[in-house]
Amino acid sequence: MKTRVLLARFDRTRGTLTLDERFRAPGSTEPGFRMENTTWPHGGSGAGVPHGAVFSR
């Protein structure tokens with residue numbers, strides 16, 4: 001999970017948290033995006049370590 005980005009959805013009615021199955025890399029069989037073996041715009045390469053949280057309505 002260190003190099004993976006996942007998106008969760010909160011259902012206020014049920015009080016449940018689920019992974020958003022629509023948020024995935026093209027052709028992937030699993031939700032989320034892996035940030036391994038990536039070439040970055042600044043010219044570097046390697047694994048990215050995503051961090052942070054965003055809350056939205």
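The residues of the chain are indexed from 1 along the displayed sequence. A quick note: this is a predicted structure, and the numbers were derived from the prediction, not measured.
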- On a heavy-atom basis, the closest approach of Pro31 and Asp20 is CB-O, 4.0 Å
- What heavy-atom pair brings Pro26 and Phe33 nearest, and what distance separates the two atoms? CD-CE2, 4.4 Å
- Would a hydrophobic clustering, with Ile, Leu, Val, Met, Phe, Trp and Tyr connected at side-chain separations under 4.5 Å, put Leu7 with Met35? yes
- Qualifying side-chain hydrogen bond (donor to acceptor under 3.5 Å, both in side chains) pairs with a residue from residues 24-34, counting only residues at least two apart or across chains: Glu21-Arg24, Glu30-Arg34
- Hydrophobic cluster identity match, Val5 and Trp40, side-chain contacts under 4.5 Å: yes
